[in-house]
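The structure under discussion appears below in the form of structure tokens.
Below, chain A is the first sequence line, B the second, and so on; all start at residue 1.
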Amino acid sequence: MSSITSQQADFPAWYQDVISKTELADNGPVRGTMVIRPYGYALWERIQGELDERIKAAGAQNAYFPLLIPESYLHRESEHVEGFSPELAVVTHGGGRELEEPAVVRPTSETIINAYFAKWIQSYRDLPLLINQWANVVRWELRPRLFLRTTEFLWQEGHTAHASAEEARDYAIKILQEVYEDFMVHVMAVPVITGRKTARERFPGAEESWTCEGMMRDGKALQMGTSHELGQRFSNMFGTTFQTPEGVDTHVWQTSWGVSTRLLGALIMAHGDDYGLRLPPELAPIQVVIILISPDSTIEATGMQLMQELKEAGCRVEMDSDTHTSYGRRVTNWELKGVPVRIEMGQRELDTGNVTIALRDTREKQSIPVTSTVTVVPKTLSSIQHGMLKQAQSFRDEHTYPATTLEDAAEKAIEGKGFATIPWSKVGDKGEERLAESGLTVRCLVTEDGSLPVGMDEKDLLAIIAKAY
RNA sequence: CGGGAAGUAGCGUAGCUUGGUAGCGCGCAGCGUUUGGGACGCUGAGGUCGCGGGUUCAAAUCCCGCCUUCCCGACCA
């Protein structure tokens, strides 16, 4: 197996190499489509599981809406259709004949879900209505990249209806912080900046968009998740109304929010190194791999017992007994796959009563008594988790530059390969246009202390400027 | 969709300038020897040279069109 391109030599090539060599995904036969292979899908299932738990804890329920949406639905909200029409896939034929009304393959489900919310919601007693769906969506992409931007991708999209604007806003922010930020920071070990999108970067049809922005190891920003406050735009167009306790017919206030398979791209690019993936233990489908050094029944029995004990201690463990393949090859392969802890089991371990454990994040090796493995490994996993978050945090801090003028910010973001921060009052819509000329965008707006700006006057905010995926 | 680069076995590539019927490395299969950081030997399988058309006695090679991938832009989770 040939080695992967180094990050420094060519970051995009490194990214491609990692995806193919770790067998995460392949390109599909139709441009922009992707085949997610078992290891990649295992990661997605871990992401789904963790998020689903948090989404349900936030009160939302899962449901499923159709893939095909009447084209006319999209046209009901003008900004929405303007935003999406260039990237729609439209079905014009079915059952061997031309359809009376073309159906679009959902690029997102705001419209169809609203059509049903309008039907289901009558009274303030029906609110809030909190729905989530796990689905695939299609947006015809001009420049696809595996996980980051594919024509078809998997995601969850939450859609909620509320009795007041404040409640809707609070819920959009609750999802952003308690579901997305919490998951990204504590499970993915990716520190994210939560902030508000500028008008230019907002979701088509939203009144406010809130975002989680992560920094990748090439210094570029990646939008990892968004939560939108939709106001009453969709409810006005779809006639989604409820009666208040006073008997007044009122349009609901809504939110929508989503994260996608793009998170796999974030995971790869936020933590990966020249040896391949580095998976945070909380997320890793395999947390510990036990490598049997040579074919021997005592070694195998000891390894099996260790695996059993670790499983009972709650670790996700796999045994590598493929002694036919050389030791070096196997080690390289497990490093490539990013498994956080590797335990080596061979004659030496039997003789000394110690096992060798190797940590993927720092590539350090330690020797510990076999008998303490079950207590040490879970602690090690936890310290790797914290170490990776800390490392990602330092990397981001080292690549974040305060600036005072627009030119200064642009230069620092480009030269320093990272984020530049500058008072939003120095940028504005005109400034965003100028930044775009050098390939930069305002990723989001935050308060001066970096927290989420809720209902604050824009003039006091700080803009995060960066190149973005 | 605009600008650039490239498509030859699963992957990486030679051959193309100067047309003559495809080679190498890795990987893969079988057998044997190995086994603590990408093992070795022997044997073997695997190719519509991206697709379509044209020129020619003859095309991987020359010409035209298209498709795909990567990079840079515009668009986006």
With sugar-phosphate meaning primed atoms plus P, OP1 and OP2, does A:A436 contact a base, only sugar-phosphate, or nothing at under 4.0 Å between heavy atoms? sugar-phosphate
Can you say whether the rings of A:F234 and A:H80 are parallel (under 30°), tilted (30 to 60°) or perpendicular (over 60°)? perpendicular
Flag yes if more than 12 heavy atoms outside A:H324 fall under 6.0 Å of its NE2 atom; otherwise flag no. no
Between B:G36, B:A77, B:C76, which nucleotide gets closest to the side-chain atoms of A:I293? B:G36
Pairing donors with acceptors under 3.5 angstrom, does anything connect the side chains of A:Y469 and A:R149? no
Are any of A:S326's side-chain N or O atoms less than 4.0 Å away from OP1 or OP2 of B:A39? yes
Between A:R143 and A:E141, is there a salt bridge with N-O shorter than 4.0 Å? no
What I want to check is whether the side chains of A:Q347 and A:D351 have a donor and an acceptor closer together than 3.5 Å. yes
With rounding to the closest Å, how many angstrom separate the C1' atoms on B:U8 and B:G2? 29 Å
Side-chain donor-acceptor pair under 3.5 Å between A:S321 and A:E300, yes or no? no
When the C1' atoms of B:U18 and B:G37 are compared, how many Å lie between them, rounded to an integer? 48 Å
Of the listed nucleotides (B:G36, B:G38, B:U69), which one gets closest to any side-chain atom of A:N27? B:U69
At a heavy-atom distance below 4.0 Å, what parts of residues 175-190 of chain A sit against RNA chain B? none
Decide yes or no, distance alone: a donor-acceptor N/O pair under 3.5 angstrom between the base of B:G37 and the side-chain of A:K365. yes
Find the distance A:I357:CD1 to B:G37:C1' and express it as a whole number of Å. 18 Å
Within the 4.0 Å heavy-atom criterion, would you say A:T150 contacts the bases, only the backbone, or no part of the nucleic acid? base
I want to check one thing: is the phosphate of B:C71, taken as OP1 and OP2, less than 4.0 Å away from some side-chain N or O of A:R145? yes
At 4.0 Å (heavy atoms only), tell me whether A:P295 reaches a base, stays on the sugar-phosphate, or touches nothing. base
B:G36 phosphate, OP1 or OP2, under 4.0 Å from A:Q347 side-chain N/O: no
Residues A:E207, A:H228; criterion side-chain contact (heavy atoms from CB on, under 4.5 Å); working and verdict: CA-CA 7 Å; A:E207 294 200 339; A:H228 314 287; over 6 Å; no
Taking atom types as modelled and ignoring hydrogens, do the side chains of A:T160 and A:T255 form a donor-acceptor contact shorter than 3.5 angstrom? yes
Does NZ or CZ of A:R37 fall inside the cone over A:Y41's six-membered ring, less than 6.0 Å from its centre and within 45° of the axis? no
Is A:E335 touching bases, backbone alone, or none of the nucleic acid, heavy atoms closer than 4.0 Å? base
Please tell me which of A:D10 and A:Y275 maps to the more 5' nucleotide of RNA chain B, matching each residue to the nucleotide holding its nearest heavy atom. A:Y275
Spacing of the P atoms in B:G44 and B:G4 (rounded, Å): 48 Å
Please report the distance separating the C1' of B:G53 from the corresponding atom of B:C67, rounded so that it comes out in whole Å. 14 Å
State whether a side-chain donor-acceptor pair under 3.5 Å links A:D10 with A:T5. no
Electrostatic pair A:R443-A:E201, nearest N-O below 4.0 angstrom: yes
Using the P atoms only, state how far B:A29 lies from B:G20, rounded to an integer number of Å. 36 Å
Under 4.0 Å, heavy atoms only, any strand: does A:G32 hit a base, just the sugar-phosphate, or nothing? sugar-phosphate
Show, in sequence, the C-alpha distance, side-chain angles and deciding distance for A:V427 and A:L406, and conclude whether the side-chain contact (heavy atoms from CB on, under 4.5 Å) test is met. CA-CA 7 Å; A:V427 186; A:L406 197 62; 3.9 Å; yes
Using the C1' atoms only, state how far B:G10 lies from B:C71, rounded to an integer number of Å. 25 Å
Expressed in angstrom and rounded to an integer, what is the separation of A:W14 atom CH2 from B:C70 atom C1'? 17 Å
Go nucleotide by nucleotide along RNA chain B from the 5' end; which of A:G28 and A:R262 gets its closest nucleotide reached first? A:G28
Donor-acceptor pair present, A:R329 side chain and B:G27 base, under 3.5 Å: no
Distance test, side-chain N/O of A:R143 to OP1/OP2 of B:C72, below 4.0 Å: yes
Whole-Å distance between B:A77 C1' and A:R106 CZ? 15 Å
For atom CD1 of A:I299 and atom P of B:G36, their distance in whole Å: 12 Å
Pair A:E152 + A:R139: basic N to acidic O under 4.0 Å: no
Over how many whole Å does the gap from A:D17 atom CG to B:C70 atom P extend? 12 Å
Identify whether any heavy atom of A:L148 sits under 4.0 Å from a base atom; if not, whether one sits that close to sugar-phosphate; answer base, sugar-phosphate or nothing. base
Over all strands shown, is A:T356 touching base, sugar-phosphate only, or nothing at heavy-atom distances under 4.0 angstrom? base
Using the C1' atom as the reference point in each nucleotide, state the distance between B:G50 and B:C75 in Å, no decimals. 28 Å
Taking any heavy-atom pair under 4.0 Å as a contact, classify A:Y469: base, sugar-phosphate, or nothing. base
Can you say whether a donor on the side chain of A:E349 sits under 3.5 Å from an acceptor on the base of B:G36, or the other way round? yes
Separation of atom CD in A:E201 from atom C1' in B:A77, rounded to whole Å: 12 Å
Pairing string of RNA chain B (Watson-Crick or G-U wobble, both atom distances under 3.5 Å; | = paired to other strand) is ((((((((.[[[[.)....(..]]]].((((((.....)))))).....[[[[[..)....]]]]])))))))....
Reckon A:G346 touches a base, only the sugar-phosphate, or nothing at all at heavy-atom distances under 4.0 Å? base
Can you check the distance between B:G46 and B:C57, where both ends of the measurement are the C1' atom (answer in whole Å)? 32 Å
Rounded to whole Å, how long is the line connecting atom NZ of A:K467 with atom P of B:G73? 5 Å
A:H324 has an atom NE2; how far is it from atom P of B:A29, in whole Å? 9 Å
Could you check whether the side chain of A:R139 and the base of B:C76 have a donor-acceptor pair of N or O atoms closer than 3.5 Å, going by distance alone? no
